[in-house]
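Structure first, commentary second.
Here is how names work: the chains are called A, B, and so on, in the same order as the sequence lines, proteins then strands, and each is numbered from 1.
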Amino acid sequence: MAEKYDHKKVEKKWQAIWEAAGMYRADEKSAKPKKYVLDMFPYPSGDGLHVGHAENYTATCIYSRYMRMKGFNVLHPIGWDAFGLPAENYAIKTNVHPDESTHKNIKTFSEQIKTLGISYDWTREIDTSSPEYYRWTQWFFLLLYKNGFAYKKKAKVNWCDSCKTVLANEQAEGGVCERCKNMVAQKDLEQWFFKITHFAEDLIKDLDTVDWPSSTVAQQRNWIGKSEGVEFGMDISETNESIRVYTTRIDTVFGMTYVVLAPEHQLVERLRAFIKNSAEVLAYIETTKKKTELERTELAKEKTGVRLDGLEAVNPFTGKPVPIFIADYVLGNYGTGAVMAVPAHDERDFLFAKKFDLPVVMVVCPHYPSPTCPVLDEAYTGDGKLVMSGEFDGLTSSDARERMAEWLEKKEIGFKKVNYRLRDWLVSRQRYWGAPIPIIYCTMCGEVPVPEDNLPVLLPKDVDFRPTGESPLALSESFHNVSCPKCGMKAKRESDTMDTFVCSSWYYLRFADPKNKTAFAGKGAMEKWLPVDMYMGGAEHTVLHLLYARFFTKVLNSFGFVSFKEPFMKLRHQGMILGADGRKMSKSLGNVENPNKYIESDGADALRLYEMFMGPLADMKPWNPNGIIGPRRFLERVWRLKQKVLNTADEKAIDSVLHKTIKKVGDDIEEFSFNTAISAMMILVNEMEKLEVISKGAYETLLLLLSPFAPHITDELWHDIGNTKSIHLASFPVFDSSKCIASEITIAIQIGGKLRGTIVVERDTPEDTIKGLVLARPDIAKWVNGKIIKKIIMVKGKLLNIVVGD
RNA sequence: GCGCGGGUGGUGAAAUGGUAGACACGCCUGCCUUAGGAGCAGGUGCCGUAAAGGCAUGGAGGUUCAAGUCCUCUCCCGCGCACCA
């Protein structure tokens with residue numbers, strides 16, 4: 001009796017052998033074509049590895065192993081996104097220093113990943129919280145600073161009172177803190193920003209050059225929010241002032257019945273003397289100030305606002321004056337902070353007009369030429385042809401937009417304008433566990449960048465990191481008080497740290513050259529390995545990390561550091577694995593699955609297979625605690641199959657299905673359809689089991705196909721049948737289409753499109769012979785008898801459809 | 001409201017316009033046994049005792065010899081964004 005499959009023994013053995021041999025190191029000297037396969041590097045949380053991590057890493061591991069077998073020089077690295085709030089929050093709770101807990105967690109993660117048999121090049125491991133790394137994060141800050149892409153300004157910013165820090169817009173979506181889910185308040189604070197808006201157009205345009213999931217591309221486009229419209233001025237009667245408004249619907253301008261300013265608009269203050277009801281207006285502005293962003297933007301069906309009595313703005317197209325309002329539904333920080341209101345063609349204007357009893361005039365009609373304009377019970381926001389619009393009558397909306405823009409330009413009142421919703425990236429944080437911002441404030445010299453050779457600005461370890469709203473670093477005497485690098489006088493260091501997303505915006509570059517002491521990465525190394533060919537991670541960072549990383553690449557490209565404009569050429573997301581109850585895994589629900597448990601009971605190979613077999617990688621899917629049994633049984637069958645291997649066995653017996661499987665598995669790995677690749681291998685094993693004996697060649701092919709998925713057991717069996725080098729150094733089997741064709745084929749027989757039977761014939765049977773055979777069969781003939789055969793449709797090798805009529 | 005995905009057995013899911021439910025889990029019936037989360041053989045969409053047959057991919061139409069797949073309308077679910085003019 002052959003030895004039983006002992007996953008613990010096998011997996012431990014091979015992991016040690018691979019590590020000793022340095023099997024998965026990327027080769028700097030190889031002439032083979034490169035393939036850079038990257039996982040979104042993890043934040044080493046105290047909870048350890050999660051089945052979701054395992055899903056992500058197994059998928060790219062399979063892909064990397066496959067690419068190695070296909071002759072590529074693969075770079076597949078791993079590192080740690082180690083800075084960040086959770087470590088600090090944990091520290092506050094337990095009084096364990098973030099540096100200590102983070103490094104303990106990294107150790108746990110590393111061990112867990114190794115037991116999964118993930119083929120990382122561990123020699124390139126990086127840790128964003130190490131001075132060797134954050135020195136370059138600081139260097140990037142200075143690069144941006146010196147080129148005007150990093151600046152400090154006082155602005156209304158998102159403040160999370162529970163995290164005691166400011167947040168970027170991207171981290172405060174919907175007015176809620178991305179980390180702790182608490183409501184975010186608006187505060188006027190002086191903060192550091194990166195000028196991501198400078199690249200807004202490129203960030204939109206270059207999305208066309210990458211192979212990313214369509215929803216991710218759509219989300220980024222949506223976030224950047226490009227809009228094309230016109231900006232024009234409107235004179236204010238009886239004053240020398242004018243209002244500039246921005247609109248994307250200039251074609252509706254003849255329907256303008258009023259104008260709205262954002263309450264914070266500067267004109268309000270300047271025109272105060274002309275406003276008759278200024279007390280009421282000021283009161284409204286005060287009320288607005290007290291509202292949070294969320295309250296202001298909440299699905300407030302109820303519109304509020306105040307008319308500026310005594311003031312009117314003139315519509316340049318009609319020459320007619322319209323009233324001016326302030327209302328908080330108009331945002332001060334977008335466009336010009338003022339809009340023309342066309343209630344017939346804008347829902348918000350419509351609601352406002354209803355409330356204030358303002359005229360609603362329809363000027364774009366979908367039923368042109370409509371004799372009368374209907375009474376509207378909601379705004380018509382679509383296109384149509386223009387009515388009541390003077391010389392523009394009868395034009396389509398899109399033509400009118402062009403013509404009206406030209407009209408404004410000719411009169412020098414307005415111009416075409418592109419606006420973006422994207423705002424600059426707020427990067428300073430009033431927290432401890434992050435890279436210090438390398439700036440010094442001198443009473444004489446002002447803002448002074450830390451000289452490059454003074455980097456890194458070390459994060460002091462002896463700091464009370466409990467957040468107070470004041471940056472913890474300001475409390476460290478030795479850190480905070482320094483002398484000015486310019487004049488040598490007493491000065492103070494910037495005490496804010498950088499958003500952790502800054503650290504992760506360039507880590508993929510560092511992997512190309514992780515030990516470099518003179519640059520963030522050598523130019524040659526980056527040109528060799530980058531851009532990333534395959535990037536994989538969760539779909540939750542579509543706007544944050546992926547946008548920031550693209551921004552960094554664009555900055556570096558514009559300064560000539562790198563030749564590429566996009567960092568991640570191909571991107572795929574793995575779907576979230578839910579708990580067995582179909583809910584999101586969480587400690588409080590007690591439905592969290594730990595991969596260790598399954599590695600222990602069934603082995604890493606079985607776990608890897610199960611996670612890949614669960615369903616399409618990108619789908620969200622529930623965990624089935626019993627589901628691993630199928631893949632485990634499959635591996636045992638592969639193990640037992642070894643007993644049937646005979647050198648003299650006939651290879652042809654299984655050729656057809658074998659080659660079909662080679663094709664299917666190869667194609668599926670390239671498409672990330674691992675579930676169907678596994679199913680194809682199961683079919684192959686089922687077929688092999690039916691045979692008395694299997695040729696060594698066929699069995700080897702099976703092991704090679706399976707090796708990216710189940711690397712341990714396949715290497716063990718590979719050696720058992722007489723190979724001396726690791727299976728992971730072998731080539732992927734070559735598909736031979738001539739061997740794919742079976743000698744017998746099954747043809748479906750349809751009568752009038754309905755399946756009535758099947759027939760098995762020799763591969764090269766002529767069509768007429770098949771027709772004859774089919775019609776001779778009584779079970780088929782009974783459907784045809786008494787009817788006229790109108791047509792016979794033959795799909796070669798697949799199907800015969802007899803179309804009958806009465 | 002807008003954008004992106006989806007709706008197929010008891011479950012996870014397969015299907016270049018060409019035999020719907022591959023592959024697996026579960027379940028049922030045998031066999032075997034060192035009684036195991038074993039192994040082997042067979043069965044398992046629904047209606048029909050069975051056979052014959054019929055019905056089935058959210059719903060309604062349509063195109064086609066042939067539709068889960070293409071087209072129109074519609075319902076439902078998930079995710080993301082949301083007063084950006």
Side-chain angles (χ1 to χ4, degrees), chain A residues 1 4 173-174 213-219 221-223 225-227 229 245-250 252 260 262 296-301 303 327-331 333-342 345-349 351-352 381 419-423 539-540 542-543 575-576 601-602 609-610 613-616 618-634 636-637 640 673 675-683 685-686 689 746-758 779 782 790-805:
Chain A
M1 188 63 198
K4 265 188 84 181
E173 279 185 30
S214 61
S215 62
T216 306
V217 170
Q219 277 182 55
R221 282 224 169 83
N222 188 31
W223 183 259
K226 180 178 181 174
S227 92
V245 299
Y246 173 76
T247 182
T248 53
R249 286 302 302 268
I250 191 67
T252 65
V260 195
R296 216 175 130 170
T297 58
E298 219 172 0
L299 303 173
K301 276 129 215 131
K303 296 275 178 266
D328 66 6
Y329 79 88
V330 172
L331 308 170
N333 52 3
Y334 181 78
T336 60
V339 299
M340 68 172 196
V342 186
H345 301 290
D346 183 282
E347 283 166 29
R348 298 149 300 181
D349 299 345
L351 291 172
F352 191 86
T381 54
N419 268 325
Y420 300 92
R421 291 174 51 190
L422 186 69
R423 313 285 162 77
E540 63 275 11
T542 48
V543 181
M576 192 188 291
S601 62
D602 294 85
L609 272 177
Y610 169 57
F613 188 60
M614 286 172 82
D619 285 10
M620 199 185 265
K621 43 207 173 287
W623 185 263
N624 176 357
N626 298 319
I628 196 168
I629 290 169
R632 166 71 198 199
R633 284 180 192 154
F634 168 69
E636 282 173 3
R637 301 222 303 274
R640 268 182 268 133
S673 300
N675 55 331
T676 49
I678 293 166
S679 129
M681 289 187 280
M682 286 172 168
I683 293 168
V685 167
N686 290 345
E689 279 181 336
T746 306
I747 288 173
I749 308 165
Q750 293 186 342
I751 311 293
K754 278 204 162 150
L755 183 74
R756 296 302 180 189
T758 58
D779 61 322
K782 72 173 182 188
K790 282 192 186 163
K791 210 193 303 190
I792 297 182
I793 286 152
M794 184 90 203
V795 179
K796 201 166 180 295
K798 273 201 170 159
L799 170 140
L800 179 75
N801 187 9
I802 303 167
V803 186
V804 294

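In this structure, A/R640 does not reach the B/A38 phosphate: none of its side-chain N or O atoms is under 4.0 Å from OP1 or OP2. Considering only side-chain N and O atoms, A/Y329 lies nowhere under 4.0 angstrom from the phosphate OP1 or OP2 of B/A85. Taking side-chain N and O atoms only, A/K791 has a distance below 4.0 Å to OP1 or OP2 of B/C65.
Applying the Watson-Crick and G-U wobble criteria (two distances, each under 3.5 Å), B/A67 pairs with nothing in any strand. Nucleotide B/U19 forms no Watson-Crick or G-U wobble pair with any nucleotide shown, as no partner meets the under 3.5 Å limit on both distances. Base-pair partner of B/A14: not found among the strands shown (Watson-Crick or G-U wobble, both distances under 3.5 Å). Nucleotide B/G42: paired with B/C28 (Watson-Crick or G-U wobble, both distances less than 3.5 Å). Nucleotide B/U33 forms a pair with no other nucleotide shown, judged by Watson-Crick or G-U wobble geometry with both contacts under 3.5 Å. Under the Watson-Crick or G-U wobble criterion, with both distances below 3.5 Å, B/C2 is paired with B/G80. Judged by Watson-Crick or G-U wobble contacts below 3.5 Å, the nucleotide B/A51 has no partner.
For A/N222, there are no side chain to side chain donor-acceptor pair (under 3.5 Å) partners at least two apart in sequence or on another chain. Shown here are the ring pair (Phe, Tyr, Trp, His ring centres under 6.0 Å) partners of A/Y610, two or more places apart in sequence or in another chain: A/W623. Every residue two or more places apart in sequence or in another chain was checked for a side chain to side chain donor-acceptor pair (under 3.5 Å) with A/E347, and none qualifies. Residues passing the side chain to side chain donor-acceptor pair (under 3.5 Å) test with A/K782: none are found, sequence neighbours excluded. Residues that satisfy the ring pair (Phe, Tyr, Trp, His ring centres under 6.0 Å) test with A/W223, not counting sequence neighbours, are absent from this structure. In this structure, A/S215 has no side chain to side chain donor-acceptor pair (under 3.5 Å) partners at least two apart in sequence or on a different chain.
Taking atom P in both B/G26 and B/U34, one finds a spacing of 24 Å when rounded to whole Å. Across B/U8 and B/C23, the matching C1' atoms stand 16 Å from one another, rounded to whole Å. The gap from the C1' atom of B/G58 to that of B/G6 amounts to 11 Å, rounded to the nearest Å. Of the C1' atoms belonging to B/A85 and B/U72, the separation is 33 Å, rounded to the nearest Å. Taking atom C1' in both B/C25 and B/U69, the straight-line distance is 27 Å, to the nearest Å. Straight-line distance between the C1' atoms of B/G9 and B/U16: roughly 25 Å, to the nearest whole Å. If you take atom C1' in B/G12 and the same atom in B/C27, they sit 16 Å apart, rounded to whole Å. Taking atom C1' on both B/G7 and B/A14, the two are 16 Å apart, rounded to the nearest angstrom.
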> What does nucleotides 19-32 of chain B look like as a protein-contact string, B for base, S for sugar-phosphate only, - for none, at under 4.0 angstrom between heavy atoms?
Replying inline: B--BBSSS------
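Regarding A/N333, its CG atom lies at a distance of 13 Å from the C1' atom of B/A85, rounded to whole Å. Residue A/R421 contributes atom CZ, which lies 6 Å from atom P of B/A82 at whole-angstrom precision. To the nearest angstrom, P of B/A82 lies 18 Å from CZ of A/R221. Between the CG atom of A/D346 and the C1' atom of B/A85 there is a distance of 6 Å, rounded to whole Å. Straight-line distance from the NZ atom of A/K4 to the C1' atom of B/G39: 11 Å, rounded to whole Å. A/M614 has its CE atom 8 Å from the P atom of B/A13, to the nearest Å. When the C1' atom of B/G18 is taken as reference, atom CD1 of A/I751 falls 15 Å away, rounded to whole Å. Atoms CG (A/D779) and P (B/A51) sit 16 Å apart, rounded to a whole Å.
The two atoms that bring A/V339 and A/V330 nearest to each other are CG2-CG2, 3.7 Å, heavy atoms only. Closest approach of A/Y246 and A/G335 over heavy atoms only: CB-CA, 4.4 Å. For the residue pair A/V260 and A/A341, the shortest heavy atom distance occurs at CG2-CB, 4.2 Å.
At least one side-chain heavy atom of A/M340 sits less than 4.5 Å from a side-chain heavy atom of A/T252. Between A/V342 and A/R249, every side-chain heavy-atom pair lies at or beyond the 4.5 Å cut-off.
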Show the atom names and distances, to 0.1 Å, of all donor-acceptor pairs under 3.5 Å that link a side chain in residues 793-802 of chain A to residues at least two apart or in another chain.
{"residue": "A/N801", "atom": "OD1", "partner": "A/G752", "partner atom": "N", "Å": "3.4"}
{"residue": "A/N801", "atom": "OD1", "partner": "A/G753", "partner atom": "N", "Å": "3.0"}

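Among the heavy atoms of the strands lying under 4.0 Å from A/V803 are primed sugar atoms or P, OP1, OP2 only; no base atom is included. Across all strands, A/K782 comes closer than 4.0 Å only to sugar-phosphate atoms, never to a base (heavy-atom distances).
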What pairs of nitrogen or oxygen atoms, one from the protein and one from nucleotides 2-5 of chain B, lie under 3.5 Å apart?
{"residue": "B/C4", "atom": "O3'", "partner": "A/S214", "partner atom": "OG", "Å": "3.4"}

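Annotated as syn: B/G9, whose glycosidic dihedral is within 90° of 0.
The base of B/C65 has none of its N or O atoms less than 3.5 Å from a complementary donor or acceptor on the side chain of A/K790.
Map A/N801 and A/E689 each onto its nearest nucleotide of RNA chain B; the residue landing nearer the 5' end is A/E689.
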